Amino acid sequence: MFVTAAYAQQSTTTEGADAHDAPAAGEVHTETGVAHEGEHGSGVFPPFDSTHFASQLLWLAITFGLFYLLMSKVIIPRIGGILESRHDRIARDLDEASRMKGEADAAIAAYEQDLANAKAKGHSIAEAAREDAKGKASADRAAVEAELAKKISAAETRIADIKSKALADVGAIAEETATAVVKQLIGGTVTKTEIAAAVKASAGN
Amino acid sequence: MSNDPTHQFLINKIVPIEIGGIDFSFTNASLFMVATVGAAAGFLYLTTSQRGVIPTRMQSVSELSYEFIASMLREGAGSHGMKFFPMVFSLFMFILTANLLGMFPYFFTVTSQIIVTFALAVFVIGTVLLYGFYKHGLGFLKLFVPHGVPGALLPLVVSIEVISFLSRPISLSVRLFANMLAGHITLKVFAGFVASLSAFGALGIGGAVLPLLMTVALTGLEFLVAFLQAYVFAVLTCMYLNDAVHPGSH
């Protein structure tokens with residue numbers, strides 16, 4: 001009953017108003033459901049009060065036009081510029097970073113190369129030193145062995161000398177001994193030739 | 001203040017101006033249009049004045065709204081539609097600021113006036129029509145002839161398309177206007193219940209708690225609606241502009 005009363009009042013008031021608004025006003029009458037006290041000038045639901053339409057349109061055109069100009073001439077270029085410069089800055093920083101990364105990679109590669117070279121060089125030096133040492137050691141050994149062999153052969157010849165000399169002396173000693181033995185046993189003398197023959201005969205046995 | 005929920009939509013003359021017998025008075029509605037422009041432009045201008053590469057919080061808000069509308073328009077109307085960016089951005093910021101300003105008690109809601117929203121909708125549709133015919137000539141009329149429709153159905157489909165196109169300015173304006181109007185009336189009615197119930201003594205005050213909670217919840221909802229309607233208006237503007245840029249692509 002609330003609404004219908006309001007509707008009745010609404011429809012009577014809008015009939016007098018601009019014919020253009022009448023259907024629109026009828027559409028939303030339920031929202032005006034609280035009764036009008038007729039306290040406002042025209043008695044029309046305020047948003048549909050056409051007496052202010054011209055003023056509203058004019059001031060909307062002025063204010064929105066100004067706003068549009070401000071946006072398109074000042075604000076949008078400015079924010080666009082900020083975003084653009086940030087975008088550029090980030091792109092530049094990324095480029096710089098990738099360039100630096102490239103440099104770092106190159107430095108690492110150079111370092112690795114140097115390291116490999118140094119390793120190879122060190123290896124070859126060590127190898128050479130070892131070869132050297134080995135050669136020297138074997139030369140030393142050969143020299144020592146040769147000397148030893150010389151000494152051994154010298155010693156052997158001396159031994160052979162001494163042995164042959166000793167063997168040669170054995171006959172003379174035996175003759176002297178035999179002479180002394182015969183003298184002691186028989187008391188007579190035996191000729192040197194007889195003794196030598198006897199020694200020779202026993203040595204021959 | 002009156003308890004009449006429609007009182008808040010009343011227009012009062014502040015500076016009466018009359019040109020050629022037509023009333024162009026500076027009214028409270030005009031004042032809040034100026035306030036909307038001042039608040040929106042002032043916010044965007046001041047927050048971006050540092051031009052920081054690393055944005056402050058407030059600068060991020062401005063940048064986010066810029067990028068939000070830019071991506072909306074790019075998705076809606078493609079890269080060719082970007083020439084309308086100032087228009088969509090201005091519309092969105094103007095409607096959003098007007099809606100949010102209207103949430104202050106005793107403030108006038110510019111977008112609760114059908115003539116204002118209708119003018120904005122006509123601006124959008126007018127731009128679509130002008131640009132469409134300017135760019136594509138009569139080829140723009142392909143908009144009303146969808147692809148792959150059998151010849152027999154064509155008259156019916158074309159008339160439906162024409163009607164739907166003609167209803168766009170109405171739906172665009174009424175959606176925004178009705179949402180703001182209904183929301184503010186509902187708020188006022190529930191807030192009015194709180195006042196009138198608490199006049200009935202202790203029991204009334206106890207009973208007033210419910211509409212009070214309702215008012216609080218509705219206030220939150222209205223902030224959502226204030227943003228949402230500005231968003232919807234901007235999205236639909238992008239879609240309609242897409243028709244002007246690429247007619248016959250739907």
Side-chain angles (χ1 to χ4, degrees), chain A residues 6 10 20-21 23-25 27-28 30-42 44-90 93, chain B residues 2-11 13 17 19 22-27 29-31 33-34 36-37 40-41 44-45 48-49 51-55 59 62-63 65-67 70 85-87 89-91 93-94 110 112-116 119-120 123 174 177-178 181-182 185-186 189 192:
Chain A
Q10 181 72 29
H20 170 72
D21 311 321
E27 268 172 32
V28 281
T30 48
E31 285 165 1
T32 68
V34 176
H36 284 243
E37 268 99 52
E39 60 190 55
H40 19 83
S42 57
V44 182
F45 180 55
F48 298 119
D49 185 357
S50 64
T51 55
H52 297 298
F53 278 8
S55 141
Q56 297 245 55
L57 285 177
L58 174 75
W59 287 103
L60 178 68
I62 292 172
T63 52
F64 188 76
L66 184 72
F67 188 67
Y68 182 87
L69 272 181
L70 271 175
M71 289 302 114
S72 58
K73 299 287 177 222
V74 182
I75 303 295
I76 288 172
R78 181 189 271 193
I79 299 181
I82 292 171
L83 294 176
E84 187 85 3
S85 71
R86 179 176 308 146
H87 190 263
D88 286 354
R89 173 81 177 272
I90 289 169
D93 285 359
Chain B
S2 162
N3 242 353
D4 177 6
T6 62
H7 187 270
Q8 57 184 317
F9 305 113
L10 267 184
I11 290 175
K13 290 179 195 175
I17 301 169
I19 303 165
I22 304 169
D23 183 16
F24 286 125
S25 301
F26 188 81
T27 61
S30 320
L31 177 68
M33 287 177 197
V34 172
T36 300
V37 170
L44 291 169
Y45 186 83
T48 55
S49 58
R51 296 164 192 263
V53 170
I54 298 158
Q59 189 184 323
S62 295
E63 286 173 9
S65 45
Y66 179 100
E67 288 179 322
F85 179 67
M87 175 185 159
F89 187 69
S90 305
L91 278 171
M93 291 309 291
F94 185 84
V110 174
S112 67
Q113 302 290 314
I114 181 75
I115 187 69
V116 170
L120 294 175
F123 172 53
V174 167
F177 152 74
L181 182 85
I185 289 178
T186 318
V189 166

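Since this is a predicted model, take the numbers as computed values, not measurements. Naming: A, B, ... by sequence-line order, numbering from 1 per chain.
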- Query: Would you say A:S55's side chain and B:D23's backbone share a donor-acceptor pair under 3.5 angstrom?
  - Reply: no
- Task: Could you tell me the separation between the CD atom of B:Q113 and the CG atom of A:D49, rounded to the nearest 0.5 Å?
- Result: 9.0 Å
- Task: Measure distances from B:S49 to the heavy atoms of chain A and classify the residue's part below 4.5 Å as side chain, backbone, both or neither.
- Result: both
Side-chain atoms of residues 78-86 of chain A: list all donor-acceptor pairs with protein atoms under 3.5 Å, sequence neighbours left out, distances to 0.1 Å.
residue: A:R78; atom: NH1; partner: B:Y45; partner atom: O; Å: 2.7
residue: A:R78; atom: NH1; partner: B:T48; partner atom: OG1; Å: 3.1
residue: A:S85; atom: OG; partner: A:G81; partner atom: O; Å: 3.3
residue: A:S85; atom: OG; partner: A:I82; partner atom: O; Å: 3.0
residue: A:R86; atom: NE; partner: B:V53; partner atom: O; Å: 2.7
residue: A:R86; atom: NH1; partner: B:E63; partner atom: OE1; Å: 2.8
residue: A:R86; atom: NH2; partner: B:G52; partner atom: O; Å: 3.4
residue: A:R86; atom: NH2; partner: B:V53; partner atom: O; Å: 3.2
residue: A:R86; atom: NH2; partner: B:E63; partner atom: OE1; Å: 3.2
residue: A:R86; atom: NH2; partner: B:E63; partner atom: OE2; Å: 2.9

- Task: Check A:F67 against B:A40 and note the closest heavy-atom contact, atom names and distance.
- Result: CE1-CB, 3.5 Å
- Search all heavy atoms of B:A41 against all heavy atoms of A:I75 and return the closest pair with its distance. O-CD1, 4.1 Å
- Evaluate the criterion side chain to side chain contact (heavy atoms under 4.5 Å, CB included) for residue pair A:F45 and B:L181; output intermediate values, then yes/no. CA-CA 11 Å; A:F45 180 55; B:L181 182 85; 3.8 Å; yes
- Top contributor to chain A interface from B:P55, B:A29, B:S112, B:A70 [non-hydrogen pairs under 4.5 Å]: B:P55
- Item | Min side-chain heavy-atom separation A:M71-B:L44 under 4.5 Å | yes
- Item | Interface moiety of A:I76 toward chain B, non-hydrogen atoms closer than 4.5 Å | both
- Query: Does anything in residues 58-70 of chain A pair up under side chain to side chain donor-acceptor pair (under 3.5 Å), and if so which pairs, sequence neighbours excluded?
  - Reply: none
- Message: At a 4.5 Å cut-off on heavy atoms, which part of B:F123 comes close to chain A: side chain, backbone, both, or neither?
- Response: side chain
- Query: Is chain B contacted by the side chain of A:L60, its backbone, both, or neither, given a heavy-atom distance below 4.5 Å?
  - Reply: both
- Minimum side-chain heavy-atom gap B:I11-A:Q56 below 4.5 Å: yes
- Query: Do B:V116 and A:F64 touch side chain to side chain, with heavy atoms closer than 4.5 Å?
  - Reply: no
- Side chain / backbone / both / neither for B:I19 at chain A, heavy atoms under 4.5 Å: neither
